[in-house]
Amino acid sequence: MRMPILLTIPAVLVASPVLAQSATGSVEVDGVVAGRCLFGLPNATISLGEISLPGTGRLDVSKVNGRTATLNAWCNGAAATMTVTTTQLTTPTAAPGGFDNRVDYTGTASVTSGSASDSSLTAGAGTPANVGRFNGDILVTLSAASSPTGGLMVAGAYTGNVLVTLTPVN
Amino acid sequence: MKRLVSLALLAMALPAAPALAQSTATGNVAIDGRVAPVCILGDPNPALVNLGQLSASSGPRTGKIATITPQTVQLPASFCNFAGSVVRVTATALTSSDTSVPQPGFSRAVNYTATATNWAAGASTATTNALRDGTSPTASGLGSTQPLPKIADIALTLSNFTAPGDLILVAGTYNGTVVVTLGPAAVAD
Amino acid sequence: MKKLILLAIPAALVASPAFAQAASGSVGVTGTVGGRCAALTPITGTFDLGELSLTNGTIDTAFSNHVTPLSKSFTIMCTSADANVSIDATPLDNTGDNSTSGGYTGRVHYTATTVFQRVSGTHTYIYGTSNAGGVLAAPLGGRLANQPDNVTLSVSNGHTDNATDLLKSGTYNGVINITVSPL
């Protein structure tokens, strides 16, 4: 009697998922830059000297108009805005009839990408200007000087200021 | 079978990155100026007061000082732009161009009163008191202090013309001056 | 994961009765292990570098505001005697505007450093996004060590094309790709 020759060679491969031959992957790198504005040069002074006319004692507007000062700042966002708030020149002594103790004027701030201005005659800040991303000088110019009645200027020290505000908007 | 160590990345509690506030940035241009204290007197109008004939030409007072109407000079739009100003009046008696010592009974000087008004509450007055020979011809007076800056037409009135001792006036052209000074009240007399 | 290859060879030879001569033979046994690499921990994740700029608006080269660590480790397994590693990385680009002009830039470069632990010692790949062109590919030069965290990736050296440029505001994204193939 012949017996069959069984030659079975089951080669069992473990049922594991077929793996890719290479190991591959990607790692993200993320960062952020917050919208910001910064003044490198935040202060300046304009000294007008004597602001009344020697013969008449009334306001000499040429002492104010055209005077300039330079600030320096940057904003890193495309939607940054700039506003100006101008405060009149005043001296503390009261002004009787025929006299003025106040000088109104307009302050204008200019950068290459835009300019904003404000008159001391209007309370609060002027209209914002979109200056966007910039880095450089801000030129502040005075103009349109006037006194309330065109009268004699009261003697004394006069002070005022032009405030430039930069607001970053992301 | 090898043990595989699964790697759990430690979540380290790092301090949060400083939240850079989207704050506004401001820059400031300070502006200063000044107005110097000053007084300006308006140009006198008239600049020269011509009293004409000083002595009576007839009647009981012939040769003696006539009655002379007070004269007023305006100094228009005079002003001081500061508080605390005062008007000073310095009057010099009229004296004759004949400078020789007058004979007894004669005078070569005419006195008068100069008064500046319309500045401070109290007027500034000076009355000359020259002797008949013309010596001591000058008198000066200060008014009250003007407490506020002021612009006004200062009126200078010349009045009360008299001769020392009411003597007979020598002949000649008589000249005198009034100096009005407007300035800070602190100026010493 | 290991593969088990079972080779069972039941061979039943039944002797024929009463014959003096026996019949016999032999069966050879062979198998293969293919070279393969696998990431036992996934090559994935994010380096969150946080605020990229200094107070003065220029790049913080040290990435000192990083929210997550500046280094990550992975466990990679390769059965082959050597492996080919290819790495490339893209700079951190501002998602709105990555251009450079007028003293501003929207692109931040960095260096991606990958250190492999081999049986024979470490092997380091340095990829700088500012001076690279294309993919960095080179063999490990040895067998990858069979140990956890045998691959460490770190980011460093933040810099901009012009050192004085200010960074444009916004979100910045980049990616580092790593592939390890059996050799």
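A, B, ... follow the sequence lines: proteins, then strands. Residue 1 opens every chain.
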Next item on the list: Please say whether more than 12 non-hydrogen atoms of neighbouring residues, nucleotides or ligands are located less than 6.0 Å from CG in B:Asp43.
Entry: no
Next item on the list: Pick one of side chain, backbone, both or neither for A:Ile51, based on which atoms fall under 4.5 Å of a heavy atom in chain B.
Entry: both
Next item on the list: Could you tell me which portion of A:Thr87 (side chain, backbone, both or neither) has an atom closer than 4.5 angstrom to a non-hydrogen atom of chain B?
Entry: neither
Checklist line | Proximity breakdown for B:Ile151 and chain A, heavy-atom pairs closer than 4.5 Å | finding: both
Item checked: Under 4.5 Å from any heavy atom of chain B - which part of A:Leu71 -> side chain
Next item on the list: Could you tell me which of A:Pro96, A:Ala157, A:Ala94 has the largest number of non-hydrogen atom pairs under 4.5 Å with chain B?
Entry: A:Pro96
Checklist line | Side chain / backbone / both / neither for A:Leu142 at chain B, heavy atoms under 4.5 Å | finding: side chain
Item checked: Closest approach of A:Ala155 to B:Phe82 (non-hydrogen atoms, all atoms of both residues) -> CB-CB, 4.0 Å
Notebook entry, point to check: Which region of A:Val162, side chain (C-beta onward) or backbone (N, CA, C, O), has a non-hydrogen atom less than 4.5 Å from a non-hydrogen atom of chain B, or is it both or neither?
Noted result: both
Item checked: Top contributor to chain B contacts, counting heavy-atom pairs under 4.5 Å, from A:Ala69, A:Gly49, A:Gly57 -> A:Gly49
Notebook entry, point to check: Heavy-atom distance under 4.5 Å between the side chains of B:Val35 and A:Glu50, does that happen here?
Noted result: yes
Check: Heavy atoms, side chains only, cut-off 4.5 Å: are B:Ile31 and A:Leu48 in contact?
Finding: yes
Notebook entry, point to check: If we ignore angles and hydrogens, is there a donor and acceptor under 3.5 Å between the side chains of A:Thr159 and B:Asp32?
Noted result: no
Item checked: Over all atoms of both residues, closest heavy-atom pair of B:Thr26 and A:Phe39 -> C-CE1, 3.4 Å
